[in-house]
Amino acid sequence: MTKAAENNVDLFDVAVKNLHDLLTAQGVSAEPPELIGVGGYSELYASLLEVRTAIMAFASGNLNYKVTAKGYMPGAIKALQASLNHLTWQTKMVSSGDFTQRVDFMGDFSESFNMMVKQLEKSRNELEGMNRQLLENNIKLQQQADAIRESEERLRHIAENVSDVIWTLDRSMEHFTYISPSIAGLRGLSVAEALQEPIEQAMTPESLATLRKALSNEIVNAQNHHVADSQPEVIEIEQVCQDGRVINVEVVISAITDSDGKIKEFVGVSRDITVRKKTEGLLKFQSTHDSLTGLYNRAFFDAELELAARGRQFPVSIIVADLDGLKQVNDTLGHGAGDQVIKGAATILQMVFRGNDIVARTGGDEFVVLLREMDYEEAVIAIERIRSCVEIYNANNGEPSVRISLGGATAATGEKIPETLKKADELMYADKILRKQQAPVTL
Amino acid sequence: MNSDRKYKFSWSLLGDIEAGRPNLGNTTRLEVYRLLQFAFRDVIEQHVGTEETDKIFYESGALAGKEFYEHMLTPTTDLNEFVRELQEVLKELGIGILRVEKADLEKGEITVTVSEDLDCSGLPELDYEICSYDEGFISSLLECFSGMKFIVKEVDCWCTGDRTCRFEAKAVV
Ligand SMILES: [Zn+2]
């Protein structure tokens, strides 16, 4: 071999080692010192070095490395760089919510990536759906809350503007949780005072017992039935006002229950029925009493007679009393005087009898007394007492004097009562005849 | 410039292809397109020189891009929307596969690649980038979308041995 040929072989060896190093060695020099200036070798070396550096840069994640070399191999690396950069951009787009991004031309990865994006989109749609649902629910709840608030306002407005007192009582039955302002009209208390007042002071002990019984009934009702078909309890109680007056109050009570039927609280409406009670009492009195004398009337006497007949308080005595000469008094002195005589007779009978004795005016000039557990002897004594009371009365009251014919009889059993009444009546007539003979009426 | 021009472009010049080609349809061989382009390039270069030729192609691309934007794309202000539709249309029409490497509208920097490019993919290796028409085309699309003027430069091209054409766009401030 010539010297030049030997030299070429050496250079070739160096070049091979150079290129081998570029491919395999960890560290390489920036330039091939021995071969600088050898026809195009430096440029080749530089290009390969750049490819090597670029591959290393991409492998370690630096996708921005700028490859300036041209040609097939640098081109292939740049194609990979372009794909990875595009992928980075696509991922950014996906993360900003663009689920239309699809990867193609990257083999199996494309399929996995696209599937992931589709799944993400599906999940987001589901989440959005849930979110919408939540939002709708929220709006519905808000509307319901508004409706409840409106209804509450309406109810409050009603509660605060009716004369009836509306209240709520907690389920311990001890504490009022709400009392409407009309409590001032009912009992003369402010709402705050009424709320602080112990329930025992709000009503009479009997009334409190009545109230507690009614509340307990409501609890039982609520447990046994549906709320819808449980009837409110209506009771009447007596309450003491701030000024000491006792008033009659009608209370309507309902239990408020939760969905399980458990009592949450009670709601009640209290109404002043004092006037009604008085009217009722008056009507009852008028239906059973004679308006002129205040004695029982015929209807009441008949009912009592029937009760006595069916009862057990024997013997039962009946005394019939009949005014003498009432017609004459009316005709000559006028009805005012006649009424005075009738009232006088009533006064006399009330002087003699009291308590459970039934003293009734059964006709214009006729009175009957029903005496339970009184035997004939006692009845006779009673008749005598009437006579002496008549004398005393007349002595004190002057004309027109009261004159009464009397007859009494006694029944040992209920069956005997009609005939006993008849007998007393007959005896009274007999007395009247006798009295006419002894002392004819003169005015 | 002369106001009564003979060749002023209008979209209608593209004709009614459906009516005009009932049998052959709307496609032709890509060679025909390239034949036309490279023939133009040759003759124009002979007349005005290389630099002017590149400029003419860039401007033609820009004109085409503007018309293309107006007739083929839906106006939007959303970059993602714009890119997605552009990708779709370019692929559908067989122009190329567009990918975004970097898009920073605030900085006015956008890097895209076009693979299987209509103009250059498969061309023999030359030592210069050849897609000046594409550069103009892309600059116009970006301008129509963003309202900013862009200068687009092809930095990698099939013709220089790369597998994709890479275009760097920079907004002109
Ligand atoms: Zn190109």
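Naming convention: chains lettered A, B, ... in sequence-line order (proteins, then strands); numbering from 1 in each chain.
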Does any heavy atom of chain A fall under 4.5 Å from the side chain of [X], the backbone, both, or neither of them?
| X | answer |
| --- | --- |
| B/Glu88 | neither |
| B/Val112 | neither |
| B/Glu81 | neither |

With rounding to the nearest 0.5 Å, note down the distance linking [atom1] in [X] to [atom2] in [Y].
| X | Y | atom1 | atom2 | value |
| --- | --- | --- | --- | --- |
| B/Glu101 | A/Lys78 | CD | NZ | 10.5 Å |
| B/Arg84 | A/Gln101 | CZ | CD | 7.0 Å |
| A/Thr68 | B/Asp156 | OG1 | CG | 9.5 Å |

For each of A/Ile77, A/Leu63, A/Val67, A/Asp98, tally heavy-atom pairs with chain B at distances under 4.5 Å, and name the one with the top tally. A/Asp98
Checked A/Asn64, A/Thr100, A/Leu87 vs chain B; the most non-hydrogen pairs under 4.5 Å come from A/Thr100
Side-chain donor-acceptor pair under 3.5 Å between A/Gln81 and B/Arg166, yes or no? yes
Tell me whether the count of non-hydrogen atoms from other residues, nucleotides or ligands lying under 6.0 Å of [atom1] in [X] goes above 12.
| X | atom1 | value |
| --- | --- | --- |
| A/Tyr72 | OH | no |
| A/Glu31 | CD | no |
| A/Phe99 | CZ | yes |
| B/Glu92 | CD | no |
| B/Glu18 | CD | no |
| A/Asp108 | CG | no |
| B/His71 | NE2 | yes |
| B/Glu51 | CD | no |

Greatest number of non-hydrogen atom pairs under 4.5 angstrom with chain A, of B/Thr113, B/Val100, B/Val155, falls to B/Val100
What one should report as the nearest heavy-atom pair of B/Asn80 and A/Trp89 is OD1-CZ2, 4.3 Å
Which pair of heavy atoms, one from A/Ser83 and one from B/Arg99, lies closest together, and at what distance? OG-NH1, 3.2 Å
Can we say B/Glu168 and A/Lys66 salt-bridge, meaning some charged N sits less than 4.0 Å from an Asp/Glu carboxylate O? yes
Side chains of A/His86 and B/Lys102, heavy atoms from C-beta outward: is any pair under 4.5 Å? no
